[in-house]
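Residue numbers start from 1 in every chain, and the chains themselves are labelled A, B, ... in the order their sequence lines are given, proteins ahead of strands.
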Amino acid sequence: MDPRIESYLNEVLENLIAEDSMKRRIAKDLSAHISDACQRDSITAVLERMGNPREVAREFMDTIYEDKDAVIEKLIQEKMKYAAVIQRHFEYKSKTRIWGLPLVHINVGGGSYGFPGKPRFARGIIAIGDVAIGVLSLGAISLGGISLGAISLGALALGGMALGGIAVGGLAVGAFALGGCAVGLAAIGGAAFGKVAVGGYANGVVAIGDKVVGDYTLIREVGTTSREEVGALIRTAYPKIGDWIVKVITFFTLSK
Amino acid sequence: VNEAGKQLKKGVIEILILKLLSIKNLYGYQLIQDLDEKSKGVFRMKEGTLYPVLYRLEDSKFIESYWEQESEKRGVPRKYYRITPAGKAELEDMKKELDAFITAIRSIMDEEVY
């Protein structure tokens, strides 16, 4: 499409208050219409004859909304939708403060329904929000000591995507990572990548699982693989590793 | 065109469109041209007026549309409109109403002032 026509159509649509389906209908028809008119005249002449895009949009609305009640109804609907977004917002901040932070801060209900809206931030010892930052944080995006969220970052992070000291999630990245896909010093998951990796697919210095790639490998077989066997393999690679770490890894290795 | 003229035109545009489509299938641009030429410029429609009326007629099932790619050279397909049986019946009803309307208006307008 000629850029002049495209820009003209865009300007008409920008100035048009109508349902998206109606806008698409108009865009398609006007495009075909201009194309027909251009068989006889130049693009410039056609667009000039059609007039200011704002006026074209106004004419469309004038005819579409011949019944003014329809316009009023539409505006009321829009207002109610907006009001619903406002009403969804909830904020609570406790008076008790620790280290300058509220003990509890809840701030939820950002923009949605196609309305622009800022995500709500919560900061507190216990923080719950669209974005939450706190010792204990819960949110779509959460950062903190213990964090839980779609995306979480923390000493202990749990979420769809978790990043932290101990990370548990669909995608977990951490010193100790447990998840569908786990990446970490000790990684346990469907697919695990790490110094010690345990999983369906394990790739690491020590790799234990069904499919293994590594320097020290062990194919896991339920019923026959023993705790001692797993522990011994890890200690061969890392003689100074703590007992509790070996115990945890062994627990997950054999709890398939 | 003054506001009174606009309103009068709006009142009859649907019947004129149905009439033209009862003769042959037409696309939007053609409808604008035909209305303009046949009425000697009285019904010079703007796009913003014509298309919403077409949508209304289409949504009421009085007309239907179809796209046709007439030649490879023409990148954009054409949207034709055709009248439906319901549209033909509506046209007949509208014609009767319009006749009665015009007769009534004439009888008032032609009345002699004493």
Side-chain angles (χ1 to χ4, degrees), chain A residues 1-6 8-43 45-71 74, chain B residues 1-17 21 25-37 41 43-60 63-82:
Chain A
M1 189 189 291
D2 186 284
R4 284 169 293 176
I5 299 176
E6 199 173 343
Y8 187 91
L9 286 177
N10 284 339
E11 212 176 324
V12 171
L13 297 178
E14 275 166 21
N15 286 285
L16 198 67
I17 302 166
E19 302 289 337
D20 285 348
S21 57
M22 177 59 82
K23 282 189 175 186
R24 282 195 295 274
R25 201 174 185 184
I26 290 170
K28 219 172 167 186
D29 285 336
L30 268 189
S31 165
H33 180 90
I34 293 170
S35 174
D36 280 322
C38 289
Q39 307 276 308
R40 288 193 178 187
D41 293 310
S42 68
I43 294 176
V46 169
L47 298 184
E48 254 180 43
R49 185 188 59 72
M50 286 177 68
N52 186 322
R54 275 190 189 189
E55 283 307 311
V56 175
R58 182 186 285 265
E59 282 159 16
F60 266 100
M61 287 190 287
D62 226 29
T63 319
I64 292 169
Y65 301 120
E66 231 168 19
D67 175 7
K68 302 295 180 246
D69 286 349
V71 187
K74 188 165 170 55
Chain B
V1 182
N2 62 24
E3 193 54 34
K6 264 190 187 175
Q7 293 306 322
L8 284 170
K9 276 186 195 175
K10 276 185 181 175
V12 293
I13 189 66
E14 291 191 4
I15 189 170
L16 298 181
I17 290 172
L21 293 178
N25 300 350
L26 296 166
Y27 50 91
Y29 180 73
Q30 247 179 341
L31 268 167
I32 287 185
Q33 296 292 109
D34 279 11
L35 283 166
D36 186 14
E37 283 164 19
F43 285 99
R44 186 165 293 159
M45 307 297 299
K46 298 289 282 180
E47 294 77 7
T49 308
L50 176 81
Y51 284 100
V53 175
L54 288 173
Y55 299 157
R56 213 154 46 220
L57 289 170
E58 196 175 10
D59 294 344
S60 305
I63 62 171
E64 47 192 28
S65 62
Y66 59 97
W67 290 90
E68 210 168 271
Q69 182 78 52
E70 296 187 335
S71 71
E72 287 299 316
K73 199 177 163 189
R74 203 188 124 81
V76 183
R78 252 180 199 146
K79 189 183 190 180
Y80 278 89
Y81 293 91
R82 67 175 156 233

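- Between Tyr27(B) and Tyr80(B), the ring-plane angle classifies as perpendicular under the 30° and 60° cut-offs.
- Most heavy-atom pairs under 4.5 Å with chain A, from the set Tyr55(B), Tyr51(B), Trp67(B): that is Tyr55(B).
- Residue Arg25(A) places its CZ atom among more than 12 non-hydrogen atoms of other residues, nucleotides or ligands, all under 6.0 Å distant.
- When the shell of 6.0 Å around CD1 of Ile43(A) is examined, it contains more than 12 heavy atoms from other residues, nucleotides or ligands.
- In this structure, CD1 in Ile13(B) is found 8.5 Å from CG in Leu31(B), a value given to the nearest 0.5 Å.
- Of the listed residues Arg40(A), Glu55(A), Arg58(A), the one with more heavy-atom pairs under 4.5 angstrom with chain B than any other is Arg40(A).
- Of the residues listed (Arg24(A), Lys28(A), Met22(A), Lys23(A)), the one engaging Ile26(A) in a side chain to side chain contact (heavy atoms under 4.5 Å, CB included) is Met22(A), and it is the only one.
- Residue Gln30(B) does not touch chain A at all, counting heavy-atom pairs closer than 4.5 Å.
- Listed options Thr49(B), Leu50(B), Ile32(B) were ranked by heavy-atom pairs under 4.5 angstrom with chain A; first place goes to Thr49(B).
- For chain B, no part of Ile34(A) is nearby; none of its heavy atoms comes within less than 4.5 Å.
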